[in-house]
Amino acid sequence: MKKSNLWAGLTEFVLGLAALAAALLWVEGPLGSLLCGLGGGLLGSGGNLVWKYWKWTRPQNAERYREKLEQEEIDLRDERKALLRSKAGQYAYQLGLAVCCLAAFLVALLGALGVMEHHLPLLYFLTAYLIFQYVAGLWIYRRLERKY
């Protein structure tokens with residue numbers, strides 16, 4: 001594993017600690033909660049990178065790491081899997097586009113009726129939309145992989 005992965009992980013970890021410290025010590029209000037989330041995310045991803053580096057650079061894992069890299073190389077160059085990834089992305093995009101159009105219509109309708117006055121429901125929807133796009137892409141890819 002590359003040494004740059006370790007440095008990236010350590011950098012993210014330190015930035016996460018700094019964001020959490022800033023949120024807990026100095027910042028109050030909505031910025032504090034934003035910094036807590038950012039700090040937690042950076043701590044988690046940085047810690048994960050450091051752990052992976054530590055795990056895969058140990059001598060007893062060298063053979064397994066070599067096999068893992070070979071399998072990743074095969075998966076990246078496999079034409080069938082590349083086609084399936086492409087189709088999954090295409091279908092997920094089309095499905096997401098249809099959902100986005102329906103949502104735009106519903107938001108416009110709710111706004112015209114005076115039901116939706118605040119922006120939070122729209123924010124919740126956009127978050128759910130991002131999660132939906134990701135899950136739909138994985139589900140479609142796995143279905144296509146079983147089919148072909």
Side-chain angles (χ1 to χ4, degrees), residues 1-20 22-23 30-58 60-148:
M1 186 162 237
K2 296 179 188 176
K3 196 79 153 179
S4 62
N5 289 348
L6 174 65
W7 290 113
L10 289 173
T11 303
E12 286 182 17
F13 195 81
V14 168
L15 287 174
L17 285 175
L20 280 177
L31 187 57
S33 62
L34 180 65
L35 283 174
C36 278
L38 180 66
L42 285 171
L43 275 176
S45 69
N48 188 30
L49 278 173
V50 170
W51 179 79
K52 281 183 180 180
Y53 180 83
W54 176 78
K55 176 185 175 187
W56 291 119
T57 55
R58 296 175 65 198
Q60 62 264 34
N61 292 331
E63 183 60 33
R64 282 184 32 216
Y65 184 64
R66 205 170 302 117
E67 291 171 5
K68 179 182 180 280
L69 286 180
E70 287 174 11
Q71 186 60 42
E72 283 179 0
E73 189 67 29
I74 289 169
D75 287 345
L76 285 174
R77 302 211 186 280
D78 185 9
E79 293 175 10
R80 178 181 156 272
K81 289 191 177 194
L83 175 68
L84 294 177
R85 282 191 299 268
S86 175
K87 285 283 191 189
Q90 177 188 358
Y91 294 155
Y93 172 75
Q94 291 170 346
L95 187 61
L97 190 60
V99 168
C100 189
C101 290
L102 179 64
F105 173 74
L106 289 175
V107 167
L109 180 65
L110 291 174
L113 294 174
V115 175
M116 193 171 85
E117 297 175 11
H118 302 289
H119 69 283
L120 283 179
L122 185 56
L123 180 63
Y124 294 150
F125 170 78
L126 290 174
T127 304
Y129 174 73
L130 286 172
I131 294 168
F132 171 77
Q133 279 288 86
Y134 181 73
V135 171
L138 288 177
W139 179 75
I140 292 169
Y141 175 78
R142 288 183 181 142
R143 255 190 93 178
L144 287 172
E145 190 173 33
R146 271 187 263 135
K147 184 177 177 181
Y148 297 107

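- We find that R66 and E63 are joined by a salt bridge, their nearest charged nitrogen and carboxylate oxygen being less than 4.0 Å apart.
- To the nearest 0.5 angstrom, F13 atom CZ is 5.0 Å from L43 atom CG.
- At a threshold of 4.0 Å, the pair K68-E72 counts as salt-bridged, since one of the basic side-chain nitrogens sits closer than that to a carboxylate oxygen.
- Partner of E12 under the side chain to side chain contact (heavy atoms under 4.5 Å, CB included) criterion, out of L17, N48, V50, L49: L49 alone.
- Between the CG atom in N61 and the CD atom in E67 there is a gap of 11.0 Å [rounded to 0.5 Å].
- Counted within 6.0 Å of NZ on K55, heavy atoms from surrounding residues, nucleotides or ligands total more than 12; the atom is thus considered enclosed.
- When all heavy atoms of Y129 and L97 are compared, the pair lying nearest together is OH-N, 4.3 Å.
- The number of heavy atoms from other shown groups lying within 6.0 Å of OH (Y65) is above 12.
- Atom CZ of R64 sits about 12.5 Å away from atom CG of L69, to the nearest 0.5 Å.
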(request) Evaluate the criterion side chain to side chain contact (heavy atoms under 4.5 Å, CB included) for residue pair Y148 and L83; output intermediate values, then yes/no. (result) CA-CA 10 Å; Y148 297 107; L83 175 68; over 6 Å; no
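- Pairing each heavy atom of Y53 with each of K3, the nearest pair is OH-CD, 3.4 Å.
- Between L34 and L31, some side-chain heavy-atom pair lies under the 4.5 Å cut-off.
- To the nearest 0.5 Å, atoms CD (E73) and CG (D75) are separated by 9.5 Å.
- Annotation: cation-pi geometry satisfied between R58 and W54 (NZ/CZ under 6.0 angstrom from ring centroid, within 45° of ring axis).
- For the pair R143 (side chain) and A88 (backbone), a donor-acceptor distance under 3.5 Å is absent.
- When all heavy atoms of A19 and G39 are compared, the pair lying nearest together is CB-CA, 3.7 Å.
- Within a 6.0 Å sphere centred on OH of Y134, other residues, nucleotides and ligands contribute 12 heavy atoms or fewer.
- Considering SG of C100 and CG of L95, their distance stands at 11.5 Å, rounded to 0.5 Å.
- One distance of note links CG of L10 with CG of L15; it measures 11.0 Å at 0.5 Å rounding.
- T11 places a side-chain N or O within 3.5 Å of a backbone atom of W7 that can act as its donor or acceptor partner.
- Taking a 6.0 Å sphere around CZ of R80, one finds it holds more than 12 heavy atoms contributed by other residues, nucleotides or ligands.
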